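Only a predicted model underlies this, so the values are computations on that prediction, with no experimental measurement involved. All ligand and atom numbering here is 1-based and tracks the order in the structure.
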Amino acid sequence: MVELKHAGYPRSNSYDAEWLLAGDMGPNPLWLLEDLARDLDLRPGLRVLDLGSGKGATSAFLAKEYGVQVWAADLWVDPTEAAAHIGRTDVVTVKAEAHTLPFAKEFFDAIVCIDAYEYFGTADNYLAYLTAFLKPGGQLGVATPAMTREIRELGYIPEHIKKLVGWEALAWHTADWWRFQWEITELVDVTAARLQPDGWADWVAWSRAVSEYRGERDGALDMLEADQGEYLSFAILAARKR
Ligand SMILES: C[S@@+](CC[C@H](N)C(=O)[O-])C[C@H]1O[C@@H](n2cnc3c(N)ncnc32)[C@H](O)[C@@H]1O
């Protein structure tokens, strides 16, 4: 029986560790969401898009913890598989590509994206595309792998990071990079852009739990142990559409 408790995330602690680890597609989605939700105002009945929802643990969490209506949209995971994993009738699962979303403009009160924005959200024109699906005043919340320093500023991708993810690390930015990238558009007001102080340690804890659950060493552990929190964390980003 794998233990997965975190003193900082009491809501997440009530979810079954085996269920969470069976749905693993990346580090600690519920801890990231519980942290991000501190910078969002999620109220019962709001329409929320969980973009890049994977197997849907975060979608179940949003519906259960905040009473919001959730659309769980993902590219790689089949919606029938996600629905079975989520196990709730109040979450709609949809197969969707982040650049061709099958929703009406201004449909959502909030869009949440946990550990997925780095795959599609760094292009300069993406914020304008995505926020078109938010009502005016709607909220955007993102948790994404982040760096303590910009790779552009370093001039290279640190070897231990390059070894695991290669050029894809170019989509991992500092919290300040995201703040500027969003604020300069004047499309949104940024309400949070912060690097998690415990992001690296939480990622390690998750990867160790995944290793124990699967009976084999998680692929991210070499990178994380070499890093020791020097470069790697997660960024928590929140904004409101003007
Ligand atoms: C690292 S997984 C995280 C999944 C889930 N949010 C979690 O934290 O467990 C990244 C997710 O992003 C989704 N994704 C990647 N590129 C996408 C795209 N272009 N459009 C929609 N979803 C995408 C994948 O399908 C995948 O489920």
*Taking it one step at a time, do Phe107 and Trp71 satisfy ring pair (Phe, Tyr, Trp, His ring centres under 6.0 Å)?*
CA-CA 11 Å; Phe107 185 73; Trp71 280 258; 5.1 Å; yes

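No side-chain N or O of Ser233 forms a donor-acceptor pair with one of Gln196 less than 3.5 Å apart.
Taking atom 16 (N) of ligand 1 as the reference point, the nearest protein heavy-atom neighbour is Tyr119 CB, 3.6 Å. If you check which protein heavy atom lies closest to atom 7 (C) of ligand 1, you get Pro29 CB, 4.0 Å. With hydrogens left out, the protein atom closest to atom 10 (C) of ligand 1 is Asp115 O, 3.4 Å, a heavy atom. Scanning the protein heavy atoms around atom 17 (C) of ligand 1, the nearest turns out to be Phe120 CD2, 3.5 Å. For atom 20 (N) of ligand 1, the closest non-hydrogen atom on the protein side is Ala98 N, 2.8 Å. Annotation: atom 1 (C) of ligand 1 to nearest protein heavy atom, Met25 O, 3.1 Å.
Not counting sequence neighbours, the partners of Asp109 by the salt bridge (charged side-chain N to carboxylate O under 4.0 Å, His left out) test are Lys135.
Residue Asp222 is tested with Lys163, Arg217, His160 for a side-chain hydrogen bond (donor to acceptor under 3.5 Å, both in side chains); the sole match is Arg217.
Below 30°, between 30° and 60°, or above 60°: for His6 and Tyr9 the angle between ring planes is between 30° and 60°, a tilted geometry. Using a 30° and 60° split on the angle between ring planes, Tyr15 and Phe61 fall in the tilted class, from 30° to 60°. Under the 30°/60° scheme for interplanar angles, the aromatic rings of Trp177 and His173 are found to lie parallel.
Among the atoms of Thr58, none of the N or O lies under 3.5 angstrom from an N or O of ligand 1.
Looking at Asp74, Asp24, Thr144, it is Asp74 that brings a heavy atom closest to atom 27 (O) of ligand 1. Closest to atom 4 (C) of ligand 1 by heavy atom, among Ala116, Gly52, Gly26, is Gly52.
Of the possible donor and acceptor atoms, none in the side chain of Asn13 sits under 3.5 Å from a partner among the backbone N and O of Lys5. A side-chain donor-acceptor contact under 3.5 Å links Arg11 to the backbone of Glu65.
The distance from ligand 1 to the heavy atoms of Ala96 drops below 4.0 Å at these ligand atoms: 20 (N), 21 (C). Taking every non-hydrogen atom of Glu97 and a distance limit under 4.0 Å, the qualifying atoms of ligand 1 come out as 18 (C), 19 (N), 20 (N). Heavy-atom contacts of Trp76 reach the following atoms of ligand 1: 15 (C), 24 (C), 25 (O), 26 (C) (cutoff under 4.0 Å).
At a heavy-atom distance under 4.0 Å, only backbone atoms of Ser53 (N, CA, C or O) approach ligand 1.
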